[in-house]
A.B. asks: 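Have a look at this one before I ask anything.
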Number of protein chains: 4
Amino acid sequence: MTGSVNSHEILIMPTQNMSKGDEAYAVSAAIPLTAKGITLIFGRQSNEERKLEEGIDAGNKEFGVVGGEALIVFEDVFVPWERVFMCGEIDFSGMLVERFATLHRQNYGGCKGGVSDIIIGATALAAQYQGTANASHIKDKLIEMIHLAETVYACSVACSAMGYQTQSGAFYPDPLLANCTKHNITRNIYEISRLAQDIAGGIMATLPFDQDLRSSEVGKYVKKFLVGVEGIPTETRMKILRLIENMTGGTCMVESMHGAGPPQSQRVMYQRLGNLPQKIKWAKTLAKIKDE
Amino acid sequence: MTGSVNSHEILIMPTQNMSKGDEAYAVSAAIPLTAKGITLIFGRQSNEERKLEEGIDAGNKEFGVVGGEALIVFEDVFVPWERVFMCGEIDFSGMLVERFATLHRQNYGGCKGGVSDIIIGATALAAQYQGTANASHIKDKLIEMIHLAETVYACSVACSAMGYQTQSGAFYPDPLLANCTKHNITRNIYEISRLAQDIAGGIMATLPFDQDLRSSEVGKYVKKFLVGVEGIPTETRMKILRLIENMTGGTCMVESMHGAGPPQSQRVMYQRLGNLPQKIKWAKTLAKIKDE
Amino acid sequence: MTGSVNSHEILIMPTQNMSKGDEAYAVSAAIPLTAKGITLIFGRQSNEERKLEEGIDAGNKEFGVVGGEALIVFEDVFVPWERVFMCGEIDFSGMLVERFATLHRQNYGGCKGGVSDIIIGATALAAQYQGTANASHIKDKLIEMIHLAETVYACSVACSAMGYQTQSGAFYPDPLLANCTKHNITRNIYEISRLAQDIAGGIMATLPFDQDLRSSEVGKYVKKFLVGVEGIPTETRMKILRLIENMTGGTCMVESMHGAGPPQSQRVMYQRLGNLPQKIKWAKTLAKIKDE
Amino acid sequence: MTGSVNSHEILIMPTQNMSKGDEAYAVSAAIPLTAKGITLIFGRQSNEERKLEEGIDAGNKEFGVVGGEALIVFEDVFVPWERVFMCGEIDFSGMLVERFATLHRQNYGGCKGGVSDIIIGATALAAQYQGTANASHIKDKLIEMIHLAETVYACSVACSAMGYQTQSGAFYPDPLLANCTKHNITRNIYEISRLAQDIAGGIMATLPFDQDLRSSEVGKYVKKFLVGVEGIPTETRMKILRLIENMTGGTCMVESMHGAGPPQSQRVMYQRLGNLPQKIKWAKTLAKIKDE
């Protein structure tokens, strides 16, 4: 669903383990987006109208506009047999979901680690523009943001490093650590965003429209009273604050929570992969408890 | 600034302690919003265009539209002498700020405690509509949200209960506990919102437009595929999800962070009011350390 | 159980709701500790042998020695009828437990708020003795400790302020806020202790014995190399570090967790007292959802 | 210092960056522990007297007794020239400290990850013995503990995987991620311990002495009233609870905080290695801010 509107082809697959009677839903295939019978109903995103404007409020159209999820409806879509990957094999639908989820959870630490680096940079810059960059609590919060971002990145690296080659020749990340990666993201990105909003200041949410900045009537006020430190005009300050606003609220956050599966799906995997019996055995040895 | 556009009068006052040379800024006065020379430049809020629409996405116009901050510019505004409360008294500007901040921080626990109650109710309802309300992790997260909301409410009650009557006859809350109230809000509201987004699901951020629901072309799909549990049509589900979206992201969050002063301003007050010397004295007594 | 060994009388009561068939356990009575048939088996506490020593490691015998829990065994203990408060009234055992728990959870914020104040004072003093008190991160951590302590104290105040007078004439705190008090303690005290151990430094856990300080052979080394800042001898520094050690680890922590009921018992109360239906009703009003 | 008392040789090295005038302290050497002039004053540990006892309370003497820090005093110790690694080279003392710290912080995730696995196993076992293992909140807390343990382990793997070979042929971990590893430990181990104490129950801190269990007078009570679920005698239950007690309090915790450097030392490294200028550059590109 994510990114489907700007894709050449879309891939469908089951979303859960299946059992006898579910055969009709145990299907996977690749289909051109333009195939007859496919309808995409695009989700409404935070502040989406702004992207149709000109100026600062529109954000960066080269990089910022393509994401987005769609409700994809199939109605009598023809799929050539050579593009069908699963058709009724219920025994493998659970494994397929788990494989997909593991790979998706692996790459989240790289994706959101990178997103976090941008937020950290933008926040540090906003602090410079607003003259607070040297306050010890600002520096400490930026350090905390770096810590949280490096943690999710480290998890992504770890599940990759501990991965292995499957019989097919492809590499597969360590599933426990891949789930650990995504689970940290469902928390750390929220805290990074909270700290970004702390440092950016209330101005982030009270900023006038770009049209006000350019208005012949009130533009002079916006330029004068919302100016940054020496050499930083209001316009430059607004640019960085709008970037932080876009990256720390709304759709972005929900995507960090639910993309690649909600938190509880990772916790289910912890229960399955956490190997409590082995941990209990070690504890018994140290506590000198003999198995009966 | 907050709520000024729909007020009869606005009140201006200093925002910090002042010293010799700052007399021109040590002013406080009440002015009708319509006074000559006042310009309000309204801030751009999250998803503000939606409020001009009809239908679900517009939200609740009776209750949800009035907040909002404005950049307020004064240019040769005449203020009758009887509405001037401070004019150059630099010795009192610090006290005035502190008094105002204390009262504002006190009431945040009531305000945001109430807001949280709505978010909790909306989230519980979304879980019911989506069939997840009986999962133990959902119930546990709702309990956590209640705990966080009750904590901010408790702080508001506590600073009120420990308040005292000033010579003027007015009551003044305990300033240390009032700061404690606001400081918890800058954290708990973010965590409450995070949990709401966890429970509400990815659908919260991928929901189609209200126009799509009503579309003669694709409305049937939205109605069919995004329906809730038995008896809950898509429309009802969309209403509650849009409410959660509105209350857990964007402007609302920044306001919880910075309204009544940013977190660091509360920490400065902890340093001033925390009375470390008394705490050190108690510790010395217990550790049998005699003062030299 | 807590404090029983140094009490004149002990009070027994049920620990849970009871139903038909449990009559023999629905009993409450007051009994002198010295009554025939009572055996107390004292629990083993952290570092309890130190209390039998002389010198710094023994801690403060006037204030620090009396706590402690005992396994209390009753074997054919005679209880005069006038000291029996409940005898088989299963319908009231649940209410009795809830009343007791509410009052106990109320006072935890005062108790542990005070304990926290001592820990904060001791930690601030250790920082002074060790020359780190002016570092911005030390000051910030002390502020955080104050915030966490004031939060538990505020909850205690709030549930008292919102309490009411029962028909008996006694006052009863607000049960939801009383549970909120205790629930915060099961978290905040641990975080306060963690920060105390951060500031106190590794020396807290590597400190030599008091006998080493006084040893004719190695005492000179301990005095020379573990000295504090100018004017603070090793002995004074050791006193405050041992106090922090005693208050931030072992038995003390478990008591913060489980005294007046473990965390889950408060969460059960949140589920019962949190009034989700009312919150759902408010959310429905705002989202314009009509009850069917 | 750690483990010195049971080592053949000890290694000394500088603990900070040095400058002109510090030459006499810029020394590194290996010395046999038995060399003339070396005095070790062993630190007092939590519950150290128990290790001299027989029975459950003594813990596991094979594995649990060797750690421990000592104040090590040098007085005219002769060091043969071939065992001196640094002697006045102030330019390299900072680098030496950083290298040592990076390697030490790297391995903490493996060490404390393993320690955490034991705590998790012991806690799961205690829950089984006490009949609470199937409660959903117990299972959820164990999952949380696994998540926290896997996170520190993942960081250790990541800094190793991103390491590189130095000119000497030795491998060196990524310093930023090594600091990330240790920084997570200063938090996660405390939370893991808190959750272990939550699940283990108040009994962990109120458990009688091993001698009481074996007492001819009161042993029968301890055996009867503190028994576990069917088939688990009091003795077995006590063994696992004492293990949890030993691993979640006192010296162990402080060591997690300060071993390989206190939290602030990692934050200083974040400031140096976090590369804010690069992050700012990326943010500028996205926000379309041109460098002047």
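In what follows, chains carry the letters A, B, and so on, assigned in the order in which the sequence lines appear, proteins first and then strands, with residues in each chain numbered from 1. Heavy atoms only: backbone and side chains are in, while hydrogens, waters and symmetry mates are out. Note that the structure is a prediction, hence the values are computed from the model and not measured.
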A.B. asks: Put together the list of donor-acceptor pairs under 3.5 Å connecting chain A with chain B, please.
C.D. replies:
residue, atom, partner, partner atom, Å
A/Arg44, N, B/Leu207, O, 2.7
A/Arg44, NH1, B/Glu53, OE1, 2.9
A/Arg44, NH1, B/Glu53, OE2, 3.2
A/Arg44, NH1, B/Asp57, OD2, 2.7
A/Arg44, NH2, B/Glu53, OE2, 2.5
A/Gln45, O, B/Arg50, NH2, 3.0
A/Asn47, N, B/Asn47, OD1, 2.6
A/Asn47, OD1, B/Asn47, N, 2.6
A/Arg50, NH2, B/Gln45, O, 3.0
A/Glu53, OE1, B/Arg44, NH1, 3.0
A/Glu53, OE2, B/Arg44, NH1, 3.2
A/Glu53, OE2, B/Arg44, NH2, 2.5
A/Asp57, OD2, B/Arg44, NH1, 2.6
A/Glu75, OE1, B/Tyr221, OH, 2.4
A/Thr186, O, B/Arg194, NH1, 2.8
A/Tyr190, OH, B/Gln197, OE1, 2.6
A/Arg194, NH1, B/Thr186, O, 2.9
A/Gln197, O, B/His258, NE2, 2.6
A/Gln197, OE1, B/Tyr190, OH, 2.5
A/Asp198, O, B/His258, NE2, 3.3
A/Leu207, O, B/Arg44, N, 2.7
A/Tyr221, OH, B/Glu75, OE1, 2.4
A/His258, NE2, B/Gln197, O, 2.6
A/His258, NE2, B/Asp198, O, 3.3

A.B. asks: Tell me, out of B/Gly249, B/Gly250, B/Pro263, who's got the most heavy-atom pairs with chain A below 4.5 Å.
C.D. replies: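 Highest number of pairs under 4.5 Å: B/Pro263.
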A.B. asks: Using non-hydrogen atoms only, which part of A/Leu226 is less than 4.5 Å away from chain B: side chain, backbone, both, or neither?
C.D. replies: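 Side chain only.
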A.B. asks: Holding to side-chain contact (heavy atoms from CB on, under 4.5 Å), I want the full list of residues that pass it with B/Ile38, two or more places apart in sequence or in another chain.
C.D. replies: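 side-chain contact (heavy atoms from CB on, under 4.5 Å) list for B/Ile38, sorted by chain: B/Ile10, B/Ile31, B/Ala35, B/Leu40, B/Ile72, B/Phe74, B/Val77.
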A.B. asks: If I measure from the heavy atoms of chain A, does B/Leu71 come under 4.5 Å with its side chain, its backbone, both, or neither?
C.D. replies: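 Only the side chain of B/Leu71 comes within 4.5 Å of chain A.
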A.B. asks: On a heavy-atom basis, which atom in B/Phe42 and which in A/Phe209 lie closest, and how many Å separate them?
C.D. replies: O-CD1, 4.0 Å
A.B. asks: In terms of heavy-atom proximity below 4.5 Å to chain B, should A/Met257 be classed as side chain, backbone, both, or neither?
C.D. replies: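 For A/Met257, side-chain heavy atoms alone lie under 4.5 Å from chain B.
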A.B. asks: Testing the basics here: between B/Pro208 and A/Ile41, what is the closest heavy-atom pair and its distance to 0.1 Å?
C.D. replies: CB-CG2, 3.8 Å
A.B. asks: Name the region of B/Val218, side chain, backbone, both or neither, that has any atom closer than 4.5 Å to a heavy atom of chain A.
C.D. replies: both
